[in-house]
Number of protein chains: 2
Amino acid sequence: MIDALADERCCLTAQEIHDRVRLERPRVGIASVYRALETLVELGLVHRLELGSGGAHYEPAAATGDHHHHLVCGDCGRVEPFADDRLENAIDKVSANASFRIHGHDVVLRGACDACAG
Amino acid sequence: MIDALADERCCLTAQEIHDRVRLERPRVGIASVYRALETLVELGLVHRLELGSGGAHYEPAAATGDHHHHLVCGDCGRVEPFADDRLENAIDKVSANASFRIHGHDVVLRGACDACAG
DNA sequence: GTACTTGCAAATACTTTGCAGGTAT
DNA sequence: ATACCTGCAAAGTATTTGCAAGTAC
C-alpha cells in the first residue's frame, strides 16, 4: 500500500493523495494515508512541504536526484516547480557556515501565476 | 490593541503571542490575536511563516528594511534567523525569470541546532 | 498464537466565524 | 442611533491516535 503512494507525482495534499488512492482501493482511510506519508517522510522518500495554504503538500523525493523548489500562486493556489543552480550554490554556502547542522532546505516563491496576473 | 502585537519580536506562534499579550491584558482572547494578525499580514506589516511544526509563526515585517530567513531545528523546534546577500541575489534572479509574477519568498534551512546536534 | 497492518471513529490542534455586548462618533 | 471592535463559545479544517478486526508468519 505504501508503494501506491510513491507513484504519485509532484506536490499533492494528503486529501488529493487520498482521493487518488481511493480510485483504486475505495476502502482506504485518510488515516492510512497520513500513516504511510509519515513513514515515507521518515525514510526520506517523500518531502513534506508547507506552502501556507491550509494543508501540507507531499512529493516524492526523487530517486533520480531531481531537486527543485516551488512557485506558489497566492490567488489560485497553483504550484509549479523550478530549479536553479545558482540558488542551490548560495544555499549550500549558507548551510556550510550556519550554526546549525543543516540537513535540508525549502524555498517558496510567492506571487501570481500567468493566468491570475494577466 | 493591534499595536501591542507589533512590539513583539521575531518568529512567534499565535499561541506565544497570545500568552504575551495576556500578561498585560488577561482578557484578550485568542480569536482577537488571530484577527489582528490577519489584518497585519494583509497590511504587509507582519509576515506569516509556515515552519512545518504545527502552528504558523508570525514576525514583524521590519520597517528597518531587515530581511532574513530561518534555521529550524527539527529536534527541539528552535528557530534562528539568518541573512545572506548571495542567497537574496540568487532568488532575485530566479524571480525575474520566473513564469509567475513574484511578490515574495521564504527560505527555511532545516537541521539540528548546536545544542541538539552536540 | 504473536506481531504487524489497517480502517473507522474519536480525539486533538490550529484557525475561523457568529453573535451579543461595549465603545466611539 | 450607527458603525465598529472585541471576547466568548461554537464551528471548521487538518492531522493524529485508540482500538478492534484482519493478515502474515
- What's the CG-C1' distance between A/Leu37 and D/dA14, to the nearest Å? 13 Å
- Message: Can you tell me which residue among B/His57, B/Glu80, B/Glu59 is in a side chain to side chain donor-acceptor pair (under 3.5 Å) with B/His70?
- Response: B/Glu59
- Task: At under 4.0 Å between heavy atoms, which parts of nucleotides 16-25 of chain D does protein reach? Answer with one letter per nucleotide, 5' to 3': B base, S sugar-phosphate only, - none.
- Result: BBB-------
- Query: B/Arg48 side chain to B/Glu38 main-chain N or O, any donor-acceptor pair under 3.5 Å?
  - Reply: no
- Query: Would B/Asp75 and A/Arg101 pass as an ion pair if we require N to O under 4.0 Å?
  - Reply: no
- Item | For atom CG of A/Leu40 and atom P of C/dT5, their distance in whole Å | 13 Å
- Test item: B/His105 side-chain N/O and B/Glu88 main-chain N/O as donor-acceptor pair under 3.5 Å: no
- Message: Contact between B/Leu87 and B/Ile91 at the side-chain level, heavy atoms closer than 4.5 Å - yes or no?
- Response: yes
- Message: Output the rounded distance in Å from NE2 (B/His18) to P (C/dA13).
- Response: 16 Å
- Query: Linking I/L/V/M/F/W/Y whenever their side-chain heavy atoms sit closer than 4.5 Å, directly or via other members, would B/Val79 and B/Val108 fall into one cluster?
  - Reply: yes
- Query: Taking only residues two or more places apart in sequence or in another chain, which ones pass side-chain hydrogen bond (donor to acceptor under 3.5 Å, both in side chains) with A/Arg86?
  - Reply: none
- Are B/Phe82 and A/Asn97 close enough that some pair of their side-chain heavy atoms sits under 4.5 Å apart? no
- Message: Measure CZ/A/Arg25 against C1'/C/dG7 and give the value in whole Å, please.
- Response: 11 Å
- Between C/dT23 atom P and B/Arg27 atom CZ, what is the distance in whole Å? 11 Å
- Message: Rounded to whole Å, how long is the line connecting atom CD of A/Glu50 with atom C1' of C/dC14?
- Response: 12 Å
- Query: What is the bend of the helix from C/dG1-D/dC25 to C/dT25-D/dA1 when you compare the axis at one end with the axis at the other, using five pairs each and rounding to 10°?
  - Reply: 0°
